[in-house]
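Since the model is a prediction, treat every value here as computed from it, not as a measurement. For ligands, and for the atoms within them, numbers begin at 1 and follow the listed sequence.
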Amino acid sequence: MERTLVIVKPDGVQRALVGEIIKRFESRGLRIAGMKLMRISRETAEQHYAEHKGKGFYDGTVAYMTSAPVVVLCLEGPDAVAAVRATVGATNPLNAAAGTIRGDFGLNISRNLIHAADKPETAVRELALYFSEADMISYERAADKWLKE
Ligand code: CDP
Ligand code: MG
């Protein structure tokens with residue numbers, strides 16, 4: 001069992017795609033272990049995107065992520081990090097396959113609707129930026145036994 005961080009970015013909230021985006025993860029079998037609407041602070045956005053500091057898109061990305069409310073999610077499931085990244089699609093929506101969230105709803109790399117942690121270690125680090133341990137709840141659903149062998 002693995003946990004990962006997903007953020008419905010400000011454009012996803014403003015375009016009223018929160019339900020549509022969460023539905024895709026739920027339908028795939030991932031379980032919501034944490035969820036909240038929040039406004040990301042500048043400090044948190046800078047920590048989150050620290051690996052990109054110095055790149056041309058860094059300032060714009062921090063400004064975008066802090067510009068309006070977001071929905072942050074902790075999703076849980078077997079290989080959740082890889083499953084979520086595949087559901088999200090390539091960073092540039094123009095290259096994202098149809099059927100992925102970015103491929104179905106995006107046109108611009110700087111307005112790509114959603115963030116998802118890229119590796120299990122990244123997920124642990126990023127979840128700690130947005131959730132306390134008590135905010136993340138593990139539980140069993142009746143259907144979970146039908147999602148694995
Ligand atoms: O989000 P993802 O992990 O797929 O991509 P990234 O390479 O880690 O970049 C982080 C975020 O920076 C992207 O999701 C975009 O919001 C933004 N970005 C951008 O605006 N322009 C770029 N050329 C690259 C990234
Ligand atoms: Mg990334």
Exercise. Output yes when the distance from some N or O of ligand 1 to some N or O of His115 is under 3.5 Å, and no in every other case.
Key: no
Quiz item: Is the shortest distance from a heavy atom of His48 to ligand 1 less than 4.0 Å?
Solution: no
Self-check item: Ring-face cation of Lys55 near Tyr49 (centre distance under 6.0 Å, axis angle within 45°)
Solution: no
Quiz prompt | Enclosure of Arg42 CZ (heavy-atom neighbours >12, cutoff 6.0 Å) | solution = no
Quiz item: Backbone or side chain, does any N or O of Arg85 fall under 3.5 Å from an N or O of ligand 1?
Solution: yes
Self-check item: Any His52 heavy atom less than 4.0 Å from ligand 1
Solution: yes
Practice problem: Measure the shortest side-chain to side-chain distance between Met1 and Pro78 over non-hydrogen atoms and say whether it is less than 4.5 angstrom. | Solution: yes
Quiz item: Quick one: are Glu140 and Lys145 in side-chain contact, heavy atoms under 4.5 Å?
Solution: no
Exercise. Look up atom CZ in Arg111 and atom CD in Gln14, then write down how far apart they are to the nearest 0.5 Å.
Key: 11.0 Å
Quiz item: Under 4.0 angstrom from ligand 1, any heavy atom of Thr61?
Solution: yes
Practice problem: For Arg3 and Ser138, test the side chains for any donor-to-acceptor distance below 3.5 angstrom and give the result as yes or no. | Solution: yes
Self-check item: Sub-4.0 Å heavy-atom approach of Lys9 to ligand 1
Solution: yes
Quiz item: Mind checking whether Lys9 and Leu113 have side chains closer than 4.5 Å, heavy atoms only?
Solution: no
Practice problem: Give a yes/no on ligand 1: does Tyr49 have at least one heavy atom closer than 4.0 angstrom to it? | Solution: yes
Quiz prompt | Validation row: Val88, Arg102 side chains within 4.5 angstrom (heavy atoms) | solution = yes
Practice problem: With heavy atoms under 4.0 Å as the rule, classify the contact between Lys55 and ligand 1 as side chain, backbone, both or neither. | Solution: neither
Quiz item: What residue and heavy atom of the protein are closest to atom 20 (O) of ligand 1, and at what distance?
Solution: Ser110 OG, 2.8 Å
Quiz prompt | Identity and separation of the nearest protein heavy atom to atom 18 (N) of ligand 1 | solution = Phe57 CD1, 3.4 Å
Quiz prompt | atom 1 (O) of ligand 1: nearest protein contact (heavy atom, Å) | solution = Arg102 NH2, 3.1 Å
Quiz item: Is Arg125 salt-bridged to Glu121, cutoff N-O under 4.0 Å?
Solution: no
Quiz item: With respect to atom 4 (O) of ligand 1, which of Thr91, Asn92, Leu113, Asn108 exhibits the smallest heavy-atom separation?
Solution: Thr91
Quiz item: Considering only the protein, which heavy-atom contact is closest to atom 13 (C) of ligand 1, and what is its distance?
Solution: Asn112 ND2, 3.6 Å
Quiz item: What protein heavy atom sits nearest atom 15 (C) of ligand 1, and how far off is it?
Solution: Ile109 O, 3.5 Å
Quiz item: Does ligand 1 have a heavy atom under 4.0 Å from the side chain of Asp118, from its backbone, from both, or from neither?
Solution: neither
Quiz prompt | Between Asp11 and Tyr64: side-chain donor-acceptor atoms closer than 3.5 Å | solution = yes
